[in-house]
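So the structure is just underneath, and the comments pick up after that.
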Amino acid sequence: MKIKKNIFIMILLFLVIAFFISLGSYFFILNKQTKLLDSLYFSTHENITKTTQNLIKDKQNTTLAIALALAKDDNLYECMKNENYEKLNYKNIVEEIKNYSKYKNVWIQIVDKNGNSVYRSWTDKKGDNLLFRKDLKNTLTNQNISTSISVALFSLTLKARTPIYDKENNFQGALEIITHFNSITNDLKENNIDSLVITDKKFKNTLKFPYTNIFIDDYYIANANANIDLLNYIRKNKIDRYINIPNYIIENNYLISNYILYDKNGEKLAYILNFIDLKNIDTQIIKSFKVQIIMICVIALIIIFFSFLIYLYSTYLKELKHQENKKQSILDSQSSIIVITNGKEIIDANKKLFEFFTTVSNLVEFKNKYKCICSAFLDLKDEMYILEKDYGEKNWAEYILENKNKNFRVAMKNSFDEIRHFSLNASKLDSENYIIATFTDITKEIEEVEKDKEKDRLLYQQSKIAAIADILKNIAHQWRQPLSVISTITSGMKLKKELDNLPNDEFYNSCEVIIDNTQKLSNTIENFTNFFSKDEVASNFSIIETVKNTLAFFDSIFEKNNIKCSFNYDTDFILTCNRNEFSEAILNILDNSVYALIENKKEEDRFIFIDFKDKVLQIKDSANGIDEQIIAKIVEPYFTTKHQSFGVGLGLFVVHEFFVKNLGYKIDIKNVTFEHENKKYSGTNFIINFN
């Protein structure tokens, strides 16, 4: 029971620890994962921003390089001087750039020194004055090279301008290269980033001839390659919400990063919304972190688990040793010599053996001197006395075990050279090769028989001795199987542990079996201790309680032999006499019924009914009853023939002496027939009338 309780506490404690470790790990991983994700997303946002900046810068530099190269064309000087721009081959140049580079939309514009557009490669429209554009006006005024990002009549574009001088170094105007954001968004797309270039709504009226003609509310979408699904998504969820993102947001399985375009004066021109699918963000570091933490937790739980196992195992071994010591203590508490033997050598014994053979103090010394207790048996020339010899190819212990119905004795000399007489009984478990031999000192009884004194008392005492022998048989019988199971399982566990092959489930199952069998041993001890507690004088006691205690003594016997016993009563009755003698008398009656049921009835038909009503105790069985020719003789002394349910020798004589002669009550024994669960039975009814 204690082991089972300890295992339950340890399992509960382990589960509590495992729960808190798992819970703590879960929240730690959750918190750390959130921080790592935030850091990863912020880092991704910064990388996107940096990539966008670099692509814009590269596009501006490329645009400027094209402008510088075209501005050195002598043909350009002649065309501007003659104001004849038909000979310019810029459309071919634009087409070649489109075919052989990633820049698919390059526009070339010529502006004279008065700010009038005199040539556009993408349209025939010309002659309009562009001095409203600050960036162009600055180039014409200061005659310098410049780049800018601005919103004009057609779109949001990147521009590069260079002044045009003739051969005499006279200022003629400016050449402007205009490029779009499509190549930038294409480059971003190659990095798994979808982009929307959104012009601020304040430029709606500036855009007279919108290149893409895509608007969301008043916001112009400047990149012609914009993802239609993303356009519909931000249109549905209100575009203002997205252009006001301070850095980035996580939405719809996207990281949405906002990059704001400013002109040189710090005025907002446009917003580049970059969308990157979360699947394209490498979260391996987070997964690795989670795996590491989980592995650490698992390792910690395994270490704790095995620590608990080691503790439980050590506790189990201690408890097992305690139970072994307890078993030995019970054996040592017996008044008879108890020897465990195979008939040829002694295996174990209680301390009564060494109290009798005082020249030895332990089992090793005894075995060195005698090896087998049978070496000390004396030959009294009496067949009742067992000797150290073969009995039909069986040793003395096997012979006794085979003839349980006979009363055997041995005679041995003690250390004072005195001959002592012992009644000898043997028992054995089916699963064991060892025999438990019980030596009960009957020297005084033998002497009294020889002197022919107090014959009735002697008979009574002999019956008690026989009862004790039967009790010890029951002890041996009830202990062997649990001890055998415990020994077998423990040996197996030890072997598997040494081989490092002891699975957790098998360990727990083995522990449960050991606990169950240990509990059986404990219950057996409790029953025998309570039943045979010393009670030398008369006392007042409850009949119902005492009968219940006696039935508890028979629990395992009933269970083993499938005997169903019921006890019904109305009111209690206080009896004044020797309680142990009363219990032994009831035990003798029950023992006869048990023997008869085992001998005569199938397992499904074995019943004992005990009733106590109106101060009358009846013990009835279903064992077919007693032969009417001998029913009157069963309470006579020396009636030792075992026949049906009453064949315990002096047992029923003692019952009769106790209740009738000592207490003055009436007893009656008769055969009865009765019905139980719609089936007829016959048996013996033992009636004790306390009125």
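Index from 1, following the sequence.
The environment of NZ in Lys238 is sparse: at most 12 heavy-atom neighbours from other residues, nucleotides or ligands sit within 6.0 Å. Shown here is Glu498, whose CD atom has more than 12 heavy atoms of other residues, nucleotides or ligands within 6.0 Å. Environment of CG in Leu278: crowded, with over 12 heavy atoms of neighbouring residues, nucleotides or ligands closer than 6.0 Å.
Shortest non-hydrogen contact noted between Leu70 and Ile177 is CD1-CD1, 3.7 Å. Contact detail for Leu68 and Thr162: the closest heavy-atom pair is CD2-OG1, 3.8 Å. Across every non-hydrogen atom of Val151 and Thr206, the tightest pair is O-CG2, 3.8 Å. Among all heavy-atom pairs drawn from Leu207 and Ala152, the shortest one is CD2-O, 3.3 Å. Summarising the geometry of Ile110 relative to Tyr90, their closest heavy-atom pair is CD1-CE1, 3.9 Å, with the distance given to 0.1 Å. Between Ala222 and Asn182, the shortest heavy-atom distance links the atoms O-OD1, 4.4 Å.
Asn99 places a side-chain N or O within donor-acceptor distance of the main-chain N or O of Glu95, the cut-off being under 3.5 Å. No donor-acceptor pair closer than 3.5 Å links the side chain of Ser39 to the backbone N or O of Lys35. Asp282 contributes a side-chain N or O that, together with a main-chain N or O of Gln284, makes up a donor-acceptor pair within less than 3.5 Å. A donor-acceptor contact shorter than 3.5 Å is absent between the side chain of Asp263 and the backbone of Ser148. One N or O on the side chain of Ser22 and one on the backbone of Ala18 form a donor-acceptor pair closer than 3.5 Å. A donor-acceptor pair under 3.5 Å links the side-chain atoms of Asn227 to the main chain of Leu230, judged by distance alone.
Considering Leu55, Leu158, Thr179 as possible partners of Gln60, the one that fulfils the side chain to side chain contact (heavy atoms under 4.5 Å, CB included) test is Leu158.
Taking the six-membered ring where tryptophan is involved, the planes of Phe154 and Trp122 are perpendicular, since the angle between them exceeds 60° and thus also 30°. The aromatic rings of His180 and Trp107 sit perpendicular to each other, their planes meeting at more than 60°, with 30° as the lower class boundary. Using a 30° and 60° split on the angle between ring planes, Tyr242 and Tyr233 fall in the tilted class, from 30° to 60°.
Looking only at side-chain heavy atoms (C-beta outward), Tyr85 and Val118 come within less than 4.5 Å of each other. No side-chain heavy atom of Ser257 sits under 4.5 Å from any side-chain heavy atom of Leu273. Here the side chains of Leu269 and Tyr262 are not in contact, with every heavy-atom distance at 4.5 Å or above. A 4.5 Å side-chain heavy-atom check between Gln172 and Asn170 finds at least one atom pair inside the cut-off. Annotation: side chain of Asp135 is not in contact with side chain of Thr139 (no heavy-atom distance under 4.5 Å). Within the 4.5 Å cutoff, side-chain heavy atoms of Pro210 are placed close to those of Phe215. Here the side chains of Asn280 and Asn191 are not in contact, with every heavy-atom distance at 4.5 Å or above. In this structure, Tyr77 and Tyr165 have side chains that are not in contact, with every pair of non-hydrogen atoms separated by 4.5 Å or more.
A side-chain donor-acceptor contact under 3.5 Å links Asn225 and Asn223. Judged purely by distance below 3.5 Å, without hydrogens or angles, the side chains of Asp348 and Tyr434 never pair a donor atom with an acceptor atom. In this structure, a donor-acceptor pair under 3.5 Å is present between the side chains of Lys159 and Thr157. Tyr219 and Thr199 are not linked by any side-chain donor-acceptor pair at a separation below 3.5 angstrom, with hydrogens and angles left out of the test.
Under a 4.0 Å N-O distance rule, the pair Glu251/Arg241 qualifies as a salt bridge. Taking a cutoff of 4.0 Å between a charged side-chain nitrogen and a carboxylate oxygen, Lys189 and Asp194 qualify as a salt bridge. A salt bridge links Asp128 to Arg120: at least one charged side-chain nitrogen sits closer than 4.0 Å to a carboxylate oxygen. Look at Asp200 and Lys268 and you find no salt bridge, because none of the NZ, NE, NH1 or NH2 atoms lies under 4.0 Å from a carboxylate O. The pair Glu176-Arg133 meets the salt-bridge criterion, since a charged nitrogen lies less than 4.0 angstrom from a carboxylate oxygen. Ion pair Lys87/Glu78 not flagged as a salt bridge, since none of the NZ, NE, NH1 or NH2 atoms sits closer than 4.0 Å to an Asp/Glu carboxylate oxygen. By the 4.0 Å N-to-carboxylate-O rule, Lys81 lies too far from Glu168 to be salt-bridged with it.
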Would you check, one step at a time, whether the test side chain to side chain contact (heavy atoms under 4.5 Å, CB included) holds for Tyr508 with Asp505? CA-CA 5 Å; Tyr508 280 118; Asp505 56 349; 5.9 Å; no
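With values rounded to the nearest 0.5 angstrom, Ser25 atom OG is found 12.0 Å from Leu30 atom CG. Interatomic distance, CD1 of Ile304 versus CG of Leu309, reported as 12.0 Å (0.5 Å rounding). In this structure, Met493 CE and Ser510 OG are separated by 5.0 Å, a value rounded to the nearest 0.5 Å. For the atom pair CZ (Phe181) and CG (Leu261), the distance works out to 5.0 Å, reported to the nearest 0.5 Å. The line from CD1 of Ile243 to CD1 of Ile272 is 13.5 Å long, rounded to the nearest 0.5 Å. Note that CG of Asp112 and CZ of Phe171 are 9.0 Å apart. Values are rounded to the nearest 0.5 Å.
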